[in-house]
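Worksheet: one structure, shown below.
For the numbers below, each heavy atom of this structure counts, side chains included, while hydrogens, waters and symmetry mates do not.
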Amino acid sequence: RAALAAALDRVSRELEQAGSHGVLGQVMAAHRELAADPELRRLAEAGIATGQSAAFAWQAASDEVAGLFVTGDVRLAERAADLADLSRRILSQLLGQSPEPSPAPAGSVVLAADLLPSDLAHDASCGLSAVALAGSSPTAHVAIIAAGLGLPLLTAVGAGLTAVADGQALVVDADAGLLDLAPSAL
């Protein structure tokens with residue numbers, strides 16, 4: 001229980017430092033609220049009390065709570081993404097790993113199935129130029145953060161996005177909602 005409490009405390013402090021203003025600050029505040037959720041903590045502590053490791057118990061509790069968000073409502077599904085983001089941070093603390101992936105090179109366009117809010121915030125701070133996501137939605141926190149940062153982002157591009165080769169020339173026109181995979185002039 002002490003390890004879980006320490007991880008929750010460290011992540012809450014990290015989230016507070018990550019952003020306290022604007023849209024990013026609002027999203028990080030929502031993640032801090034999830035971290036402080038008494039039911040989520042109770043479920044994890046109950047697992048620890050049965051002999052589960054703190055990491056296993058936290059993941060099981062997160063999975064159970066995430067299941068409550070699966071209702072068909074897009075906005076509730078987006079909260080499940082927030083919980084996945086928070087859970088990755090908590091698990092990283094518990095396992096002594098870095099929660100941040102390697103940043104995308106400056107000027108890059110990130111193409112992904114989906115992106116967690118903390119990943120976008122991290123990559124955007126490294127000079128990302130645009131993002132296109134196979135899934136997600138315009139109301140997801142990742143889209144709201146991108147808009148707040150002035151970062152072009154396309155959502156719901158479709159599964160074909162995964163077939164785009166690394167280094168392929170492309171143009172993202174978020175205003176028009178277009179991803180041009182064969183631009184005539186760059």
Side-chain angles (χ1 to χ4, degrees), residues 1-20 23-105 108 110-126 128 131 133-137 139-146 155 159 161-162:
R1 290 176 69 168
L4 178 61
L8 287 167
D9 183 58
R10 281 190 301 269
V11 168
S12 290
R13 282 186 276 133
E14 286 175 3
L15 291 170
E16 194 167 341
Q17 293 169 359
S20 58
V23 174
L24 182 57
Q26 292 171 355
V27 172
M28 296 301 108
H31 286 201
R32 283 193 312 273
E33 287 178 19
L34 277 172
D37 182 88
E39 181 62 12
L40 185 56
R41 188 172 186 150
R42 185 195 67 73
L43 288 168
E45 288 176 348
I48 292 167
T50 67
Q52 295 174 349
S53 71
F56 187 92
W58 176 262
Q59 187 62 60
S62 295
D63 290 347
E64 185 172 332
V65 170
L68 299 175
F69 294 126
V70 182
T71 65
D73 182 302
V74 173
R75 290 201 171 113
L76 284 178
E78 291 161 359
R79 299 307 70 87
D82 291 335
L83 181 56
D85 196 356
L86 172 68
S87 290
R88 185 186 67 183
R89 288 178 166 275
I90 299 293
L91 290 171
S92 294
Q93 285 290 330
L94 289 168
L95 300 172
Q97 301 170 343
S98 171
E100 303 297 346
S102 298
S108 295
V110 170
L111 306 179
D114 203 353
L115 203 56
L116 296 173
S118 63
D119 291 340
L120 176 66
H122 179 66
D123 282 346
S125 71
C126 298
L128 194 62
V131 176
L133 302 175
S136 199
S137 79
T139 59
H141 276 161
V142 71
I144 294 166
I145 291 170
T155 60
L161 188 63
T162 60

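Interatomic distance, CG of L68 versus CG of D63, reported as 11.5 Å (0.5 Å rounding). If you take CG on L161 and CG on L111, they are separated by 4.5 Å, rounding to the nearest 0.5 Å. The CH2 atom of W58 sits 9.0 Å away from the CG atom of L94 when rounded to the nearest 0.5 Å. Taking CZ from R88 and OG from S62, the interatomic distance works out to 13.0 Å, rounded to the nearest 0.5 Å. In this structure, E64 CD and L40 CG are separated by 9.5 Å, a value rounded to the nearest 0.5 Å. Rounding to the nearest 0.5 angstrom, the gap separating the OG1 atom in T139 from the CD1 atom in I144 is 6.5 Å.
With sequence neighbours left out, the salt bridge (Lys or Arg N to Asp or Glu O under 4.0 Å) criterion links E45 to R1, R41. For L95, the side chain to side chain contact (heavy atoms under 4.5 Å, CB included) partners two or more places apart in sequence, or in a different chain, are A55, Q97. Listed by chain and number, the residues in a side chain to side chain contact (heavy atoms under 4.5 Å, CB included) with S108 are A104, P105, L128 (sequence neighbours excluded). For T155, there are no side chain to side chain donor-acceptor pair (under 3.5 Å) partners at least two apart in sequence or on another chain. Not counting sequence neighbours, D114 has no partner by the side chain to side chain donor-acceptor pair (under 3.5 Å) test. Taking the side chain to side chain donor-acceptor pair (under 3.5 Å) definition, one finds that Q52 meets it with nothing, sequence neighbours left out. Remark: D9 engages R13 in a salt bridge (Lys or Arg N to Asp or Glu O under 4.0 Å) (not counting sequence neighbours). Every residue meeting the side chain to side chain contact (heavy atoms under 4.5 Å, CB included) condition with E39, not counting sequence neighbours, appears here in chain and number order: D37, R42, L43. With sequence neighbours excluded, the residues satisfying side chain to side chain donor-acceptor pair (under 3.5 Å) with D85 are S118. Scored by the side chain to side chain contact (heavy atoms under 4.5 Å, CB included) test, S12 finds A35 as partners (sequence neighbours excluded).
Taking all atoms of both residues into account, the shortest heavy-atom contact from A3 to A54 is CB-CB, 4.5 Å. Closest of all the heavy-atom pairs between D82 and P117 is OD1-CG, 3.7 Å.
Side-chain contact between V142 and L116 is absent, with no heavy-atom pair separated by less than 4.5 Å.
Counting non-hydrogen atoms of neighbouring residues, nucleotides and ligands closer than 6.0 angstrom, the CZ atom of F69 exceeds 12 such neighbours.
Looking at Q93, H31, R32 one by one, the single match for side-chain hydrogen bond (donor to acceptor under 3.5 Å, both in side chains) with E14 turns out to be Q93.
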